[in-house]
There are 2 protein chains.
Amino acid sequence: MTAPRRTEAGQRRPYDTESLLTVAVSVFNARGYDGTTMEHLSAAAGIGKSSIYHHVAGKEDLLQRALDRALNALFSILDHVDPQANSLDQLATVVRRSVETLMRELPYVTLLLRLRGNSRVERDALQRRREFDARVVELVGRALTDGSVTRGLDPALTTKLIFGMVNSVSEWYRPERGPDATDIPDAVVALVMHGLTPSRGTASLEGR
Amino acid sequence: MTAPRRTEAGQRRPYDTESLLTVAVSVFNARGYDGTTMEHLSAAAGIGKSSIYHHVAGKEDLLQRALDRALNALFSILDHVDPQANSLDQLATVVRRSVETLMRELPYVTLLLRLRGNSRVERDALQRRREFDARVVELVGRALTDGSVTRGLDPALTTKLIFGMVNSVSEWYRPERGPDATDIPDAVVALVMHGLTPSRGTASLEGR
DNA sequence: CCCTAGCCCGAACGAACGTTCGGGTGGGGC
DNA sequence: GCCCCACCCGAACGTTCGTTCGGGCTAGGG
């Protein structure tokens, strides 16, 4: 898949743990973690599969490192929210930062979002992710009562739908294609805040 | 996992292909297709793993049947849209029906949404899904121009975001828990049409 | 009552899996 | 000029995978 690790001049360009992780996560996302073999990783990295064990303990160690990175990025969003701002603005900020984080740490977060909990490592990561979700539900709850939101929306349901939209960016965004990247966080925030029709009752039947 | 196939009276209750598929798809969703072994299926069904081959050709045959069912359900949504209605109403209808279909055929559609394209069967299903997406993008494009949508939204991006929200229902909706099922399609349509704040400019900073 | 057909079983198969092993190689510090 | 160690390799390990095989129950029609 990738060329063997040589510069054009032919000198060795050995891996470190970090750059090997980059390759591995990319393959995990393309084939799914369970669908990826050490042979696949070996081919993508351009080294023998036994060489991988010089840098990491094994396949699951690579997963662990990737998930830690994703979760740390997500929690740092919540830790940098301005508690003085009104809660609807706080929510808009978290939504925007979540999209930006998703785009910046795309492969790592994508891996996190697809976990099924088949091993200890996966279950622990899912647990941390649930803690993140719980803190966001609190924020949405405050925004729905404090803010100027008229209809009586359920915080848990609303959170799931909003972040369903946010997380879905990982299914199609590819950083190498298209410079429309900057438009995406704007589009998400706008759609979450105002929907397709900025004022009520425009669509006569609304799907019924 | 599931009890062996006996009634309380102790008489045999043999499988047919359909009910075996139900069990298999449920395990596929819990562990992921690649993370599921024939041993897992055997245990969940309560029969020996060699018995599975009496009903289907193999593991991939089960996947094929499940994906066909999901795709047929999705395309039937598009085939029953009223072409006379205005395009924004058409879109609202497709969104609502998509959520309803997702909830009704939950395990099958969930399986479809998680495909990575690792085999011929998976790639063919992804191809059919792309055709479905393309027809929806057309519809969104018409709704964004015909309808009373003021801002200049990109149809492709808007489609991805809306159906990202729609499809995310599969990640958390569990039919056995809670009768709030009827609220979900309403909530999705409302959020897509009007967002959190029905009128413009309520959130002063909108996340910046 | 017996025979057939539908449904099931445990045992075994070759292939592919993640990992281990012993050893090779080559460039930077002494 | 030599040695060391970071980095790499192919071969082999035991295990688990999806599938096959040959045969055994049992309900229902004759």
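Here is how names work: the chains are called A, B, and so on, in the same order as the sequence lines, proteins then strands, and each is numbered from 1.
- The separation between E60(A) atom CD and dG18(C) atom C1' is 11 Å, rounded to whole Å.
- One interatomic measurement links the two molecules: OH of Y53(A) to P of dG22(C), which rounds to 17 Å at whole-angstrom precision.
- Taking only side-chain atoms of Y15(B), from C-beta outward, the nucleotide of dC17(D), dC17(C), dC8(C) with the closest atom is dC8(C).
- Here the P atom of nucleotide dC17(D) and the CD1 atom of I52(B) are 13 Å apart, to the nearest Å.
- Between the side chain of S50(A) and the base of dG10(D) there is at least one donor-acceptor pair of N/O atoms closer than 3.5 Å.
- Among dG6(C), dC9(D), dA6(D), the nucleotide with an atom closest to any side-chain atom of I47(A) is dC9(D).
- Checking S76(A) against D79(A) by side-chain atom types alone, no donor-acceptor pair falls below 3.5 Å.
- The separation between M38(A) atom CE and dT16(D) atom P is 18 Å, rounded to whole Å.
- Note on T36(B): only backbone sugar-phosphate atoms sit closer than 4.0 angstrom, heavy atoms only; bases stay farther off.
- E39(A) places its CD atom 16 Å from the P atom of dA15(C), with the value rounded to the nearest Å.
- Residue H55(A) places at least one side-chain N or O closer than 4.0 Å to OP1 or OP2 of dC8(D).
- Using a cutoff of 4.0 Å between basic side-chain nitrogens and carboxylate oxygens, D34(B) and R114(B) are not scored as salt-bridged.
- To the nearest angstrom, P of dC17(D) lies 17 Å from CG of L62(B).
- Mapping T37(A) and A57(A) onto DNA chain C by nearest heavy atom places T37(A) closer to the 5' end of the strand.
- In the model, N167(A) has no side-chain atom that pairs as donor or acceptor with a side-chain atom of S170(A) under 3.5 Å.
- In this structure, D16(B) places its CG atom 8 Å from P of dC7(C), rounding to the nearest Å.
- For H54(A) and dC7(D), the shortest distance from a side-chain N or O to OP1 or OP2 is below 4.0 Å.
- D34(A) has its CG atom 11 Å from the P atom of dG18(D), to the nearest Å.
- A donor-acceptor contact under 3.5 angstrom links the side chains of T37(B) and H40(B), judged on distance only.
- Side-chain proximity of S51(B) to the nucleotides dC8(C), dT19(D), dC8(D) is greatest for dC8(C).
- For the residue pair R142(B) / N86(B), no side-chain donor-acceptor distance below 3.5 Å is found, with atom types taken as modelled.
- Side chain K49(B) to base dT19(D): a donor-acceptor pair is found below 3.5 Å.
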